[in-house]
Amino acid sequence: MNRRNGLVASLVWVLLAVLGAGACSGGGDPPAGGGQAAPASSATTTAPATSDPAAPTTADPAARTTTTARPAAPAGYRFPVAGCRARYGRSHHDYPAADMFANRGCAFVAPIAGRVDEVTRTDTWSPASNRGADRGGRSVSLVGVDGVRYYGSHLEAVAPGIVPGLRVRAGQPLGRVGNSGSARVTAPHLHFGISWPTRPGIWWVRRGMVPPAGYLDAWRAGDDLSPAGAVRAARAEAGREVPACQAYC
């Protein structure tokens, strides 16, 4: 009997071992819907339920560029005389420009962000010769981000640090209103010209090719009216980048 009892006990242990192995094998009732049960390791590899699998990841540079891109901002024009009252006419003698009369020392500021083009710090004008190249006296020209060149002359002084090639922001001081050059015998004012860029030294284009008054009116009112289209039309009408000088040559 003892031998028989031992055999029965051994059979019971074998049966329990088989049943235990089946219980640990991942079997059991299938999940609702008939799908397969997720493996035990899925909790550490499955993305959280709140994530969007179609959304770009931060590791994708192209995706970052797309999501952060914004429309280009307006050019942002400024009235070129800051902190003072200025008056100007609708026309100018001999060529398009504006004489902006203001108190001596008033700030001449960049009408738009851009790059300083040419700078003249020394007044070499002489009434005896009245050379056209010297008539502006102290001056600064700027090529704006709109592709237009802006010119201010008859300055009392050029602002410190203003040199050709310098990048400036709209409204940054470029100089102070005065009466240098051929304005030596007149009241202080800023000669303001609008033109297309040329190689250095083409002063008869730089001094003005498009009437500025309408744009000055707009900028003083806070409107971003651009002269770029008018400048392109004037350049096309001139037929070349450097047309012949017509006055004070």
Side-chain angles (χ1 to χ4, degrees), residues 77 79-81 86-102 106 108-112 114-127 129-144 146-159 162 164 168 174-216 219 227-228 230-249:
Y77 293 92
F79 193 73
V81 175
R87 57 184 178 84
Y88 49 89
R90 314 307 298 178
S91 61
H92 186 269
H93 61 84
D94 301 304
Y95 54 89
D99 287 335
M100 304 179 66
F101 289 87
C106 292
F108 163 44
V109 301
I112 191 174
R115 175 183 53 80
V116 175
D117 180 41
E118 294 181 85
V119 176
T120 302
R121 294 182 179 274
T122 304
D123 182 3
T124 59
W125 181 76
S126 166
S129 61
N130 194 28
R131 291 180 64 244
D134 302 333
R135 286 176 58 84
R138 301 180 188 91
S139 65
V140 176
S141 63
L142 166 77
V143 176
D146 57 356
V148 174
R149 180 169 56 183
Y150 302 92
Y151 172 71
S153 65
H154 301 321
L155 301 176
E156 182 176 76
V158 175
I162 298 299
V168 297
L174 303 177
R176 290 184 283 114
V177 172
N179 63 339
S180 62
S182 62
R184 201 176 300 168
V185 295
T186 66
H189 66 277
L190 175 72
H191 173 99
F192 186 70
I194 296 176
S195 65
W196 57 87
T198 64
R199 66 178 185 269
I202 311 301
W203 52 268
W204 60 96
V205 174
R206 183 183 62 202
R207 68 189 176 184
M209 298 298 288
V210 171
Y215 304 102
L216 294 172
W219 301 341
V231 168
R232 287 192 296 269
R235 166 68 177 78
E237 184 177 354
R240 50 183 172 169
E241 181 182 295
V242 183
C245 177
Q246 300 295 327
Y248 300 104
C249 303

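The analysis underlying the following values was restricted to heavy atoms, covering all of them including side chains, and did not include hydrogens, waters or symmetry mates. We number each residue from 1, following the sequence as shown.
- At a threshold of 4.5 Å between non-hydrogen side-chain atoms, the residues R131 and T124 do not count as touching.
- Nearest heavy atoms, H154 versus S182: CE1-OG, 3.5 Å.
- Judged by distance alone, with hydrogens and angles left aside, the side-chain atoms of S180 form a donor-acceptor pair with the main-chain N or O of L155 at under 3.5 Å.
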Q: Tell me, with the steps shown, if S195 and R206 meet side chain to side chain donor-acceptor pair (under 3.5 Å).
A: CA-CA 6 Å; S195 65; R206 183 183 62 202; over 6 Å; no
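- You'll find the side chain of D134 stays beyond 4.5 Å of the side chain of D123, heavy atoms only.
- No donor-acceptor pair under 3.5 Å is formed between the side chain of W204 and the backbone N or O of Y248.
- By the neighbour-count criterion of 12 heavy atoms within 6.0 Å, atom CZ of R121 is densely surrounded, having more than that number from other residues, nucleotides or ligands.
- For the pair G181 and W125, the tightest heavy-atom approach, listed with the atom from each and the gap, is O-CE3, 3.1 Å.
- When all heavy atoms of M209 and W196 are compared, the pair lying nearest together is CE-CH2, 3.4 Å.
- Of the candidates R149, E118, R235, T198 forms a side chain to side chain donor-acceptor pair (under 3.5 Å) with just one, namely R149.
- Residues P111 and F192 have side chains in contact (heavy-atom distance under 4.5 Å, counting atoms from C-beta outward).
- Of all non-hydrogen atoms in V119 and P164, the two that sit nearest each other are CG2-CD, 3.9 Å.
- The two atoms that bring M100 and A86 nearest to each other are CE-CB, 4.5 Å, heavy atoms only.
- P227 has its side chain within reach of Y77: a pair of non-hydrogen atoms, C-beta onward, lies under 4.5 Å apart.
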Q. Given V185 and N179, is the side chain to side chain contact (heavy atoms under 4.5 Å, CB included) satisfied, shown in steps?
A. CA-CA 8 Å; V185 295; N179 63 339; over 6 Å; no
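- Residues Y150 and P212 are not in side-chain contact: their nearest non-hydrogen atoms beyond the backbone lie 4.5 Å or more apart.
- Two residues are said to be in side-chain contact when any heavy atoms from C-beta on lie closer than 4.5 Å; L142 and Y151 fail this criterion.
- Closest approach of V158 to S139, counting heavy atoms only: CG2-O, 4.1 Å.
- A 4.5 Å side-chain heavy-atom check between T120 and R138 finds every atom pair outside the cut-off.
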